[in-house]
Asks: 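I am attaching a structure below and will ask some questions about it afterwards.
We use all heavy atoms of the structure for the numbers below, so side chains are in, but hydrogens, waters and symmetry mates are not. Sequence positions, counted from 1, serve as the residue numbers for this chain.
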Amino acid sequence: MEIFQNIIIPLISALVGGLFSVWVFNKGLNKKKQEERKNRIQNNFETEEYFFYNLKSILYFIDQQIDAISKTSRNTKNWFHKNLTLATFSELKMTELRELNFKTLFQILVIDRQGNNKEKMQDFINIKNCLHNIEDFVQKHKDENEKPHIDLNKYLDIWNSSLKRLTQLYNHYIFLKPSKDDSLMPILHKYIVVEQRKLMENGNDQNMEVFYNSIIIPFMNEIVAYKNSDDQRILPVIENLMECRKSYEQTKALRYQRRKNILSSGRRLIKIKQLLNESINSMERRKKRIE
């Protein structure tokens, strides 16, 4: 009995007192952590608001960029358009967002947020990946814009030079005073003078596709079928017609590939927008539950 009173009871009392002290300490520690968390949220409120403001601004300019992609894609199919450059919006370069401390944002949006940790981290990672992919999109098209423009102008120069030489050849052959029964000159006159004049009157002389199908192709067919194969005058004519065909085919291939690349980038940008929008909405819903 004395052992119980002198030893066991004091031990139990000490144990209970110790546990109570630990409980009080932990409660105080948790309260302190909650206060620190609340203070962090209040202190970082402007940073968080600025972050979401910029994200929503990016969503707006993604829509503008998608419209620009659609316009450039249409231009690739319009042979009157000589410029296939895609306008990229400077607002997608992330300059302001890159100035923010993403460690602080992780603290605000993941650590200090209530909810499923896996979902919070996934939303944060999705946003970071989306921003990286948008920057990659801008840089990619900045690099790709120049070459199609240069190549298109090169092919157009070859096209125009070849047509000019055909006209010069025609004028040169007239200067040589061909005979009345010369069968080559009527062919040259038909396509270099008459048919081209018709295209000019209809406003299609600058449309390479119409010009190619209505003049170059039938012109080549008649020259190939020209009976006097010994006539040396047809060689430079054929050479320039072949240059026109080559230029047309290269231009057509470039337009097709340009449209394909742009549309592929557009589909990618739409997916990025959807993921970014979903992640923003998820984070904002989580914020409202806390408030």
Side-chain angles (χ1 to χ4, degrees), residues 50-100 102 105 109 119 121-157 159 204 206-210 212-213 247-285:
Y50 183 71
F51 178 65
F52 279 108
Y53 172 81
N54 275 279
L55 291 180
K56 290 175 182 178
S57 175
I58 287 170
L59 286 173
Y60 170 79
F61 283 105
I62 287 177
D63 286 334
Q64 301 303 305
Q65 187 65 69
I66 291 171
D67 289 342
I69 288 172
S70 298
K71 181 180 179 181
T72 304
S73 175
R74 291 193 297 271
N75 288 347
T76 62
K77 294 188 288 185
N78 187 336
W79 288 78
F80 283 106
H81 281 279
K82 306 298 190 296
N83 187 357
L84 304 184
T85 300
L86 174 65
T88 53
F89 288 84
S90 59
E91 291 82 359
L92 297 178
K93 292 181 180 179
M94 313 295 161
T95 305
E96 291 81 5
L97 281 175
R98 287 303 178 195
E99 294 175 353
L100 295 175
F102 272 76
L105 288 170
L109 301 172
E119 292 177 359
M121 292 183 68
Q122 190 60 59
D123 286 335
F124 188 78
I125 291 170
N126 285 345
I127 288 177
K128 284 194 68 176
N129 288 341
C130 285
L131 297 180
H132 172 75
N133 285 325
I134 292 169
E135 284 184 311
D136 182 64
F137 166 88
V138 173
Q139 186 59 48
K140 175 185 176 184
H141 283 284
K142 181 181 178 182
D143 296 338
E144 288 186 354
N145 262 341
E146 187 175 356
K147 190 175 187 307
H149 183 66
I150 292 173
D151 288 345
L152 193 65
N153 284 329
K154 180 178 69 175
Y155 302 149
L156 186 61
D157 286 344
W159 170 271
N204 286 321
Q206 297 300 313
N207 188 320
M208 186 185 288
E209 186 173 44
V210 173
Y212 179 77
N213 289 323
S247 175
Y248 167 79
E249 290 174 346
Q250 288 173 323
T251 301
K252 184 177 181 180
L254 183 147
R255 286 179 176 273
Y256 171 78
Q257 190 61 43
R258 183 64 171 153
R259 181 166 66 254
K260 181 180 176 182
N261 291 343
I262 288 174
L263 290 177
S264 176
S265 292
R267 287 190 289 269
R268 177 190 173 199
L269 201 57
I270 289 172
K271 291 180 180 178
I272 292 171
K273 175 195 168 185
Q274 290 172 342
L275 182 59
L276 183 60
N277 200 34
E278 289 170 3
S279 298
I280 292 172
N281 290 337
S282 177
M283 283 189 165
E284 291 194 324
R285 285 194 300 268

Asks: Which of parallel (below 30°), tilted (30 to 60°) and perpendicular (above 60°) describes W159 and Y212?
Replies: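 Judged by the thresholds at 30° and 60°, the geometry between W159 and Y212 is tilted.
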Asks: Under the 3.5 angstrom rule, does the side chain of S282 hit a backbone N or O of E278 as a donor-acceptor pair?
Replies: no
Asks: Start with the C-alpha distance between Q122 and E119, add both sets of side-chain angles, then the distance that settles side-chain contact (heavy atoms from CB on, under 4.5 Å), and finish with yes or no.
Replies: CA-CA 5 Å; Q122 190 60 59; E119 292 177 359; 5.7 Å; no
Asks: So, taking the atom named CD1 in I270 and the one named OG in S265, what distance separates them when rounded to the nearest 0.5 Å?
Replies: 11.0 Å
Asks: Given the rule in the side-chain contact (heavy atoms from CB on, under 4.5 Å) test, do L254 and Q250 qualify, once you have shown the distances and angles that lead to the verdict?
Replies: CA-CA 6 Å; L254 183 147; Q250 288 173 323; over 6 Å; no
Asks: Would you say I58 and E91 make side-chain contact, with heavy atoms under 4.5 Å?
Replies: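 I58 vs E91: side chains apart.
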Asks: May I ask you to decide if L152's main-chain N or O and R255's side chain share a donor-acceptor pair within less than 3.5 Å?
Replies: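 No: the side chain of R255 does not pair with the backbone of L152.
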Asks: Whether the side chain of N153 engages the backbone of H149 through a donor-acceptor N/O pair (distance < 3.5 Å, no angle test) should be reported.
Replies: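 Yes; at least one donor-acceptor contact below 3.5 Å.
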Asks: For F89, I'd like to know if atom CZ has over 12 heavy atoms of other residues, nucleotides or ligands within 6.0 Å.
Replies: yes
Asks: Specify the closest pair of heavy atoms between A68 and A87, including all atoms of both residues, with the distance to one decimal.
Replies: CB-O, 3.9 Å
Asks: Mind running side-chain contact (heavy atoms from CB on, under 4.5 Å) on M208 and K252 for me, showing each step along the way?
Replies: CA-CA 10 Å; M208 186 185 288; K252 184 177 181 180; over 6 Å; no
Asks: What are the two closest heavy atoms between D136 and R268, and how far apart are they?
Replies: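 Scanning both residues completely, I find the closest heavy atoms to be OD2-NH2, 3.0 Å.
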Asks: For the pair L131 and E135, evaluate side-chain contact (heavy atoms from CB on, under 4.5 Å) and give the outcome as yes or no after the intermediate values.
Replies: CA-CA 6 Å; L131 297 180; E135 284 184 311; 5.6 Å; no
Asks: Just so I know, are the side chains of F124 and K128 near enough to count as touching, which here means a heavy-atom distance under 4.5 Å?
Replies: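 A side-chain contact under 4.5 Å exists here.
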Asks: Is any side-chain heavy atom of K56 closer than 4.5 Å to one of E284?
Replies: yes
Asks: So do F137 and I62 actually touch side chain to side chain, heavy atoms under 4.5 Å?
Replies: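 No, too far: nothing below the 4.5 Å cut-off.
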Asks: To the nearest 0.5 Å, what is the distance between CG (N207) and NE2 (H81)?
Replies: 11.0 Å
Asks: Please tell me if the side chains of F52 and L109 come closer than 4.5 Å, counting only heavy atoms from C-beta onward.
Replies: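 With C-beta onward as the side chain, the pair touches.
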Asks: Judged by atom type as modelled, is there a donor-acceptor pair below 3.5 Å linking the side chain of N145 to the main-chain atoms of L86?
Replies: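 Here the side-chain-to-backbone pair exists.
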Asks: Let me confirm one number: the NZ-CZ distance from K147 to R258, rounded to the nearest 0.5 Å.
Replies: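 K147 NZ to R258 CZ: 11.0 Å, rounded to 0.5 Å.
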Asks: Keeping the roles fixed (side chain from S279, backbone from L275), state whether a donor-acceptor pair exists under 3.5 Å.
Replies: yes
Asks: Can you name the closest pair of heavy atoms from N133 and I272 and give their distance?
Replies: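 Heavy-atom minimum between the residues: CB-CD1, 3.4 Å.
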Asks: Roughly how far, to the nearest 0.5 Å, is OG of S57 from CG of L92?
Replies: 8.5 Å
Asks: Heavy atoms only: give me the nearest L156-S247 pair and the separation to one decimal.
Replies: N-OG, 4.4 Å
Asks: Restricting to non-hydrogen atoms, name the atom on T72 and the atom on T85 that form the minimum distance, rounded to 0.1 Å.
Replies: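 For T72 versus T85, the nearest heavy atoms are OG1-O, 3.8 Å.
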Asks: How far does CD1 of I280 sit from CG of N126, to the nearest 0.5 angstrom?
Replies: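 Separation between the atoms: 11.0 Å.
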Asks: Does OH belonging to Y53 count more than 12 external heavy atoms closer than 6.0 Å?
Replies: no
Asks: With a 4.5 Å limit on heavy-atom distance, are the side chains of W79 and Q206 in contact?
Replies: no
Asks: Using 0.5 Å steps for rounding, measure from the CZ atom of F61 to the CD1 atom of I66.
Replies: 13.5 Å
Asks: More than 12 heavy atoms of other residues, nucleotides or ligands under 6.0 Å from NZ of K260: yes or no?
Replies: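 Not buried by this count: 12 neighbours or fewer within 6.0 Å.
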